[in-house]
Enquirer: 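Structure incoming, see below.
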There are 2 protein chains.
Amino acid sequence: MPKQVDYASRRRRIAEAVCLLADEQGPEGVSMRDVAARAEVSLGAVQRCFRTKEEMLLFAVEHIGERVMERVRARLGASPAQSAATALGHAAEEVALLREDHRTEARIWLVFVARACVSASLAAPLRRSYAALEGLLVRLVTEAAESGPGVGSAMPPHVVREARTLLALTDGLTSHVLVGHLTTEQAEDVLHAHLTGLWERLGVTTAS
Amino acid sequence: MPKQVDYASRRRRIAEAVCLLADEQGPEGVSMRDVAARAEVSLGAVQRCFRTKEEMLLFAVEHIGERVMERVRARLGASPAQSAATALGHAAEEVALLREDHRTEARIWLVFVARACVSASLAAPLRRSYAALEGLLVRLVTEAAESGPGVGSAMPPHVVREARTLLALTDGLTSHVLVGHLTTEQAEDVLHAHLTGLWERLGVTTAS
DNA sequence: CCGTAAGCGATACAGTCGTATCGGAAAAAG
DNA sequence: CTTTTTCCGATACGACTGTATCGCTTACGG
């Protein structure tokens with residue numbers, strides 16, 4: 001057999017290039033040729049990794065979803081114990097891709113969301129990512145509620161609602177920052193105020 | 001002078017076609033030829049109305065922004081007096097384009113937002129629309145707060161923060177519905193819960 | 001009544017798109 | 001060594017893109 005190649009890593013490399021291009025050139029700027037050039041491979045190589053462009057984008061959106069999720073988990077692992085409430089705060093900060101160094105991921109995310117409204121196949125992995133994030137937030141909210149004085153703890157439906165509220169709020173804030181309607185500071189201010197209110201609602205006693 | 005034509009109305013007609021196409025074909029589906037066909041005019045006619053495609057999209061995004069804003073105002077005018085709180089509720093419902101008949105506008109909005117992250121010229125009118133919506137919400141929140149028992153009324157910074165929270169939340173919910181992460185009912189549930197909390201915070205006494 | 005200019009739609013153009021194809025380089029297997 | 005199989009990058013192709021150009025029609029101003 002001839003030259004063997006690590007397809008998995010090449011696909012990842014190409015997905016990275018897709019994200020970079022989607023970020024700096026917008027949705028229309030992502031052509032197979034540009035992706036190939038950005039990934040420093042030939043057009044043929046890209047075609048061998050992905051039969052079609054749609055397939056490539058699909059892989060890229062899964063890639064980004066995993067990256068965000070993984071970063072949130074890493075942030076949680078970094079500050080291990082502490083209070084469940086601050087953990088939730090950190091997670092929310094990470095999900096809302098507000099800081100400049102995550103702006104790229106935020107733009108890519110938005111590009112894919114816009115595209116997914118039309119292409120059902122693109123929507124599926126996006127839904128999976130949202131579901132995973134929601135699940136994580138539900139877990140964190142639950143833990144935060146339990147750590148409080150626990151008036152009996154909020155009943156589950158409220159918890160899910162709070163998680164969804166938080167997820168939608170962070171997503172909205174992110175896009176508002178991206179279009180320039182809000183500054184990063186303003187968005188963080190809104191997010192922190194919401195979290196403070198959430199803690200009060202849960203009956204959490206927080207130090208900071 | 002020869003034949004005179006009503007450019008204003010034609011531009012509006014073309015903008016309408018842009019929106020329809022952006023909705024059903026996505027961002028990539030909006031080509032000059034398709035727009036011309038959808039608007040039932042010749043390609044040349046489109047070119048005479050808008051020197052360039054960018055210019056056409058710019059007009060279309062302004063058009064959509066005005067339409068949404070106008071609809072919110074119409075809704076407020078329809079239920080004139082009542083309480084300031086229910087007015088705020090109606091406005092929020094209208095801003096979050098949740099109902100099926102507004103789904104189209106929501107998709108178009110998202111397409112433009114995604115594009116605006118890259119093209120600065122597209123971002124400008126979008127920012128104006130957001131600013132107008134935020135202004136409206138600030139006004140409604142203020143009125144709702146004043147109509148309450150008025151412990152001294154919430155101080156302005158809080159009002160702005162609440163308005164921004166509401167705007168970001170509605171935007172986030174809208175996109176989550178569009179990608180299918182939430183159903184319309186779930187999103188409405190989240191929105192209503194948030195509004196209830198907001199009223200409590202403002203000290204508003206609401207009948208319903 | 002005629003010239004002039006605004007509007008018309010068709011066509012041309014150069015470029016880019018996604019995809020298909022193909023001859024040759026390269027490396028494991030015999 | 002030769003054979004065989006996998007991968008390579010270049011090129012080809014047709015469709016479509018945004019924009020420019022160009023006669024022709026049309027209707028008002030003089």
Side-chain angles (χ1 to χ4, degrees), chain A residues 1-15 17-61 111-112 114-116 118-122, chain B residues 1-15 17-61 111-112 114-116 118-122:
Chain A
M1 288 209 184
K3 198 190 294 187
Q4 285 290 27
V5 103
D6 182 6
Y7 274 90
S9 80
R10 177 139 66 206
R11 286 163 79 98
R12 246 174 293 130
R13 178 209 195 80
I14 290 173
V18 169
C19 292
L20 287 179
L21 279 176
D23 169 45
E24 60 200 34
Q25 315 238 31
E28 332 255 79
V30 183
S31 74
M32 302 291 277
R33 285 168 178 81
D34 291 350
V35 169
R38 203 66 151 82
E40 289 174 305
V41 297
S42 73
L43 175 57
V46 177
Q47 288 187 271
R48 233 162 289 115
C49 279
F50 305 102
R51 224 184 314 274
T52 172
K53 184 183 184 180
E54 184 90 357
E55 203 175 289
M56 180 183 76
L57 293 178
L58 208 104
F59 183 85
V61 64
V111 165
F112 280 126
R115 224 191 155 96
V118 163
S119 156
S121 55
L122 240 358
Chain B
M1 287 209 187
K3 199 189 294 189
Q4 284 290 26
V5 104
D6 182 6
Y7 274 89
S9 81
R10 198 185 354 246
R11 285 163 81 99
R12 246 175 293 131
R13 178 208 194 80
I14 291 173
V18 170
C19 292
L20 287 178
L21 280 177
D23 169 44
E24 60 200 34
Q25 314 238 33
E28 332 256 83
V30 183
S31 75
M32 301 292 276
R33 284 168 179 80
D34 291 350
V35 168
R38 204 67 152 80
E40 291 174 304
V41 298
S42 72
L43 175 58
V46 177
Q47 288 188 271
R48 233 161 288 115
C49 279
F50 305 103
R51 225 183 311 275
T52 172
K53 185 183 184 180
E54 184 89 358
E55 203 175 288
M56 180 184 76
L57 294 178
L58 208 104
F59 183 85
V61 65
V111 165
F112 280 127
R115 223 191 156 97
V118 163
S119 157
S121 55
L122 240 357

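Lettering of chains follows the sequences in order, A, B, ..., and the numbering in each one begins at 1. Every heavy atom of this structure was used, including side-chain atoms; hydrogens, water molecules and symmetry mates were not.
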Enquirer: Using a cut-off of 4.0 Å on non-hydrogen atoms, how would the nucleic acid contact of B/F50 be classed: base, sugar-phosphate, or nothing?
Expert: nothing
Enquirer: Could you check how far CG of A/L43 sits from P of D/dC7, rounded to whole Å?
Expert: 17 Å
Enquirer: Which part of the nucleic acid, if any, lies within contact of A/V46, taking any heavy atom under 4.0 Å across all strands shown: a base, the sugar-phosphate backbone alone, or nothing?
Expert: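 Nothing: the residue A/V46, judged by heavy atoms under 4.0 Å, touches no strand.
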Enquirer: When only distance counts, do a donor and an acceptor, one from the side chain of A/R48 and one from the base of D/dG9, lie under 3.5 Å apart?
Expert: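 Yes, a donor-acceptor pair under 3.5 Å.
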Enquirer: Ignoring backbone atoms, establish whether B/T52 has a side-chain N or O less than 4.0 Å from OP1 or OP2 of D/dG18.
Expert: no
Enquirer: By nearest heavy atom, map A/G44 and A/E28 onto DNA chain C; which one lands nearer the 5' end?
Expert: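 This one resolves to A/E28.
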Enquirer: Which nucleotide sits closest to the side chain of A/A45: C/dC17, C/dG9, D/dG9?
Expert: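 Nearest listed nucleotide: D/dG9.
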Enquirer: Mind checking if B/R51 touches a base, just sugar-phosphate, or nothing, with heavy atoms under 4.0 Å?
Expert: nothing
Enquirer: Over all heavy atoms of both residues, which pair between A/V35 and A/V30 is shortest? Give the atoms and the distance, please.
Expert: CG2-CG1, 3.8 Å
Enquirer: What's the shortest heavy-atom distance between A/R11 and A/C49, and which atoms?
Expert: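 Reported closest heavy-atom pair: NH1-O, 2.7 Å.
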Enquirer: Can you name the closest pair of heavy atoms from B/A17 and B/R38 and give their distance?
Expert: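 Reported closest heavy-atom pair: CB-CB, 3.9 Å.
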Enquirer: Closest heavy-atom contact between B/L57 and B/F112?
Expert: O-CE2, 3.9 Å
Enquirer: Determine: side-chain N/O of B/S31 to OP1/OP2 of D/dC16, distance under 4.0 Å, yes or no.
Expert: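 No.
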Enquirer: May I have the distance from A/M56 (atom CE) to C/dT19 (atom C1'), rounded to whole angstrom?
Expert: 13 Å
Enquirer: Closest nucleotide of DNA chain C for A/M32 versus for B/Q47: which of these residues is on the 5' side?
Expert: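 The 5'-side residue here is B/Q47.
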Enquirer: Counting heavy atoms from C-beta on, name the nucleotide in C/dG18, C/dC8, D/dT17 closest to the side chain of A/K53.
Expert: C/dG18
Enquirer: Can you name the closest pair of heavy atoms from A/R13 and A/A39 and give their distance?
Expert: NE-O, 2.5 Å
Enquirer: Please determine whether a side-chain nitrogen or oxygen atom of B/R33 lies at a distance below 4.0 Å from atom OP1 or OP2 of C/dT11.
Expert: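 For C/dT11, neither OP1 nor OP2 has a side-chain N or O of B/R33 closer than 4.0 Å.
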Enquirer: Specify the separation, in whole Å, of atom CD of A/Q25 and atom C1' of C/dC17.
Expert: 15 Å
